[in-house]
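Here the structure is laid out as structure tokens; the discussion comes afterwards.
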Amino acid sequence: MLDPAFVRDHLDRLEAALAHRGSDPAPVVAPLRELDARRRQLIQQVEGLKRDQNAASAEVARAKKDGRDASHMFDENKARGQQIKQLEAQLDEIETSRAALLMTIPNVPHASVPVGASAADNVEVRRHGEPRTFDFEPKPHWDLGPALGILDFERATRMSGSRFAVLLRDGARLARALIDFMLDLHTREHGYTEVEPPFLVNADALRGTGNLPKFEQDLFKIAGEWDLYLIPTAEVPLTNLHRGEILDGRQLPLRYTAYTPCFRSEAGSYGADVRGLIRQHQFDKVELVKFTTPDQSYAELEALTANAEEVLKRLELPYRTVLLCTGDMGFASAKTYDIEVWLPSQNTYREISSCSNTEAFQARRAGIRHRPHGTGKADFVHTLNGSGLAVGRTLIAVLENYQQKDGSVIVPEALRSYMRGIEVIHPPRT
RNA sequence: GGAGAGAUGGCCGAGUGGUCGAUGGCGGUGGUCUUGAAAACCACUGUGCCCGGAAGGGUACCGGGGGUUCGAAUCCCUCUCUCUCCGCCA
């Protein structure tokens with residue numbers, strides 16, 4: 001959520017920001033202006049009446065103390081009470097509409113974010129590694145995996161439907177190796193604290209990160225008398241780790257990492273990436289989340305992005321990093337870098353991580369503050385998140401980039417100690 | 001699932017229906033003292049919203065919501081959460 005004071009005082013900036021994001025400001029800006037004016041008018045009325053009421057009550061107390069009779073004041077005060085109640089009901093309605101509207105407004109992009117309409121306007125900021133040249137036609141992972149007996153889509157479909165997969169043997173082990181490798185890297189070398197959070201969260205947690213109320217259709221909700229959802233990313237539980245807390249500013253930044261499965265309904269993406277592991281209802285991810293002071297958050301975003309890139313460097317996978325334009329950013333983000341890994345079968349770079357600074361947007365929704373020097377006035381923290389990395393997509397990248405002509409796949413050196421020393425994944429002997 | 005206890009300021013912990021934003025302690029900040037530090041002592045130390053250029057004024061907040069009352073942290077109802085014991089259970 002944006003700062004209500006900012007919204008009121010800078011409606012023009014909000015209007016521009018919404019337009020840059022490609023959404024129509026009209027249904028937002030005018031109602032906000034109107035609700036704010038009406039709200040302030042009601043507050044002044046109500047508080048004036050309350051002031052009178054308090055004065056009258058104090059007078060009664062004084063009279064009783066002096067042994068005088070004050071019952072003649074009761075009627076007037078009672079009438080005032082009725083009027084207050086009536087006005088407060090109106091005010092409550094206004095406040096509710098205003099809050100609901102504010103919850104649907106996306107974050108304002110940072111000044112360094114390029115204005116653009118779509119992914120075509122994103123800006124590549126750096127590239128690492130050379131895509132390998134093949135002396136044969138590189139196969140897509142959905143051919144490689146099943147041929148190696150480590151990936152099975154058909155059996156998954158029978159028990160769960162489309163957009164699910166089964167990993168078997170060295171495929172399952174490779175996924176586990178990737179998770180361990182990533183967690184070790186981030187905890188031992190990058191200073192993150194490992195967390196295993198709940199995989200089911202309540203609606204408040206999802207409102208905190210900005211997944212609700214606008215994006216319920218992307219989530220899996222648990223049936224029955226439970227107000228619980230499967231997490232779409234560990235960003236949700238990690239960010240909510242400090243929900244409602246006031247952190248000691250001297251402890252910031254706090255850095256957390258977690259491996260979790262992630263669950264997304266992928267509603268509305270019917271035609272996209274229907275084959276393979278790219279877009280699944282369930283996938284594994286190692287997530288990075290930081291809580292920082294406002295002055296550090298952009299430096300920490302660069303560091304977080306570098307931490308995610310390091311995974312690909314160690315795995316010797318070619319990638320590029322892209323700064324998303326205003327029209328391609330997520331709802332909560334003020335600035336986002338996507339990291340894209342090279343996929344030979346698609347002859348292109350595909351998103352494998354998304355690293356964002358949400359500034360105080362989530363902190364305000366989730367009530368996460370800090371005291372700058374352990375004392376003084378509490379202020380909202382800035383929260384950042386990024387994939388470090390998406391495990392399924394990393395597994396795809398390993399299979400495709402390390403494939404050999406005979407269909408076997410070389411295990412990247414960085415992973416071998418996590419794979420019991422296996423150097424090559426071979427097709428099953430026939 | 002059954003029984004009980006609780007929720008107060010950054011933290012701990014008092015609280016009589018009537019100047020209670022709320023005693024006290026801890027913590028924090030500033031000061032006195034000291035070569036320095038500690039100790040001791042003194043002072044200060046919540047937040048949101050509204051009006052105002054500011055100074056300042058007003059209002060609200062004692063888990064959430066509702067009620068009783070001229071007036072509620074205090075009485076009543078309700079919800080949520082936490083804890084303890086019993087049962088069940090990976």
Side-chain angles (χ1 to χ4, degrees), chain A residues 1-10 32-103 196 198-208 212 222 224-229 237 240-252 254 261 291 293 360 363-381:
Chain A
M1 193 172 81
L2 296 169
D3 180 359
F6 168 86
V7 170
R8 172 200 295 171
D9 296 335
H10 304 285
L32 271 179
R33 202 194 315 270
E34 203 171 311
L35 286 168
D36 184 62
R38 182 86 184 109
R39 170 175 173 273
R40 283 197 265 184
Q41 186 201 347
L42 280 166
I43 285 175
Q44 284 169 47
Q45 272 183 280
V46 167
E47 292 196 350
L49 287 166
K50 282 185 174 174
R51 188 188 55 220
D52 295 345
Q53 189 179 43
N54 287 340
S57 287
E59 182 58 32
V60 171
R62 262 194 302 276
K64 281 220 159 165
K65 206 173 173 185
D66 299 345
R68 288 182 281 119
D69 175 51
S71 52
H72 62 279
M73 303 179 69
F74 289 2
D75 281 351
E76 190 191 353
N77 229 14
K78 190 158 195 173
R80 198 151 36 208
Q82 297 298 321
Q83 200 184 349
I84 287 171
K85 197 172 280 186
Q86 203 178 359
L87 289 173
E88 276 189 329
Q90 290 178 41
L91 181 58
D92 187 58
E93 229 173 279
I94 302 275
E95 295 270 25
T96 302
S97 320
R98 178 167 167 271
L101 188 53
L102 281 172
M103 286 294 274
E196 185 184 293
F199 301 160
L200 290 168
V201 294
N202 60 33
D204 277 340
L206 287 156
R207 274 189 284 271
L212 289 177
I222 298 299
E225 295 303 305
W226 301 96
D227 184 26
L228 289 173
Y229 299 78
N240 280 281
L241 199 58
H242 292 298
R243 152 172 287 277
E245 293 183 24
I246 300 176
L247 304 169
D248 186 337
R250 291 170 298 196
Q251 297 171 342
L252 300 178
L254 293 172
F291 300 81
T293 54
R364 197 172 286 112
R365 289 172 165 242
I368 308 167
R369 293 173 293 170
H370 75 287
R371 282 185 204 283
H373 302 292
T375 180
K377 196 175 141 112
D379 187 22
F380 291 111
V381 300

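Chain naming here is simple, since letters A, B, ... match the order of the sequence lines and numbering starts at 1 in each.
Of the possible polar contacts, one joining the A:Arg243 side chain to the A:Asp204 backbone as a donor-acceptor pair under 3.5 Å is found. A:His370 contributes a side-chain N or O that, together with a main-chain N or O of A:Asp379, makes up a donor-acceptor pair within less than 3.5 Å.
Atom pair A:Leu42:CG and B:rC50:C1' shows a separation of 12 Å (rounding to whole Å applied). Distance CD1 (A:Ile84) to P (B:rG58): 16 Å, rounded to an integer number of Å. When the C1' atom of B:rU59 is taken as reference, atom CD of A:Gln45 falls 15 Å away, rounded to whole Å. Here B:rG27 presents its C1' atom at 17 Å from CG of A:Leu247, a figure rounded to the nearest Å. Rounded to whole angstrom, the span from the CG atom of A:Asp9 across to the P atom of B:rC50 amounts to 10 Å.
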Give the table of side-chain donor-acceptor pairs shorter than 3.5 Å for residues 77-84 of chain A, with sequence neighbours excluded, one pair per line with atom names and distance.
unit_1: A:Asn77; atom_1: OD1; unit_2: A:Arg80; atom_2: NE; d: 3.4
unit_1: A:Asn77; atom_1: OD1; unit_2: A:Arg80; atom_2: NH2; d: 2.8

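When the nucleotides B:rC49, B:rA60, B:rG58 are ranked by their closest atom to the side chain of A:Asn54, B:rA60 comes out on top. Closest to the side chain of A:Arg40, from the set B:rU59, B:rC51, B:rG10, is B:rC51. Listed nucleotides: B:rA60, B:rG10, B:rC50. Nearest to the side chain of A:Ile43: B:rC50.
Within the 4.5 Å cutoff, the side chain of A:Leu212 has heavy atoms near those of the A:Tyr229 side chain.
Taking atom P in both B:rA5 and B:rC77, the straight-line distance is 14 Å, to the nearest Å. Taking atom C1' on both B:rG63 and B:rU80, the two are 8 Å apart, rounded to the nearest angstrom. Taking the C1' atoms as reference points, B:rC62 lies 13 Å from B:rG13, given to the whole Å. Taking atom P on both B:rG27 and B:rU35, the two are 25 Å apart, rounded to the nearest angstrom. Comparing the same atom, C1', in B:rG9 and in B:rC20 gives a spacing of 13 Å after rounding to whole Å. Taking atom P on both B:rC42 and B:rG25, the two are 10 Å apart, rounded to the nearest angstrom. Spacing between B:rG65 and B:rA60 at atom P, rounded to whole Å, works out to 15 Å. Using atom C1' as the reference point in both B:rG64 and B:rC81, the two lie 10 Å apart (nearest Å).
Ion pairing between A:Arg38 and A:Glu93 fails under the 4.0 Å rule for side-chain N and carboxylate O. A salt bridge does not link A:Glu47 to A:Lys50: none of the charged nitrogens lies less than 4.0 Å from a carboxylate oxygen.
Within 6.0 Å of atom CD in A:Glu245, more than 12 heavy atoms from other residues, nucleotides or ligands are found, so the atom counts as buried in its surroundings.
Nearest-nucleotide mapping onto RNA chain B: of A:Asp3 and A:Gly48, the residue sitting toward the 5' end is A:Asp3. Annotation: of the two residues near RNA chain B, A:Lys50 and A:Ile246, the 5′-most nearest-nucleotide partner is A:Ile246.
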Sequence-aligned protein contact record of nucleotides 61-76 of chain B, with B where the base is within under 4.0 Å of a protein heavy atom and S where only the sugar-phosphate is: ------SS-BS-----
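Contact annotation: A:Gln44 side-chain N/O to B:rC51 OP1/OP2 distance is under 4.0 Å. Side-chain N/O atoms of A:Arg371 include one lying less than 4.0 angstrom from OP1 or OP2 on B:rG10.
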Which atom pairs link the protein and nucleotides 78-81 of chain B when you take only N or O atoms and keep those under 3.5 Å?
none

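Under the rule for a side-chain contact (heavy atoms from CB on, under 4.5 Å), A:Glu34 has no partner lying at least two apart in sequence or in another chain.
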side-chain contact (heavy atoms from CB on, under 4.5 Å) between A:Gln90 and A:Gln45, worked out: CA-CA 11 Å; A:Gln90 290 178 41; A:Gln45 272 183 280; over 6 Å; no
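For the segment residues 89-100 of chain A, the set of residues with a heavy atom within less than 4.0 Å of an atom of RNA chain B is empty.
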Strand RNA chain B in bracket notation, Watson-Crick/G-U under 3.5 Å with | for pairs to another chain: ((((((((.[[[..)..(.....]]]((((((.......))))))((((((....)))))).[[[[[..)....]]]]])))))))....
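Within 4.0 Å of A:Arg39, counting heavy atoms only, lie sugar-phosphate atoms of the nucleic acid but no base atom.
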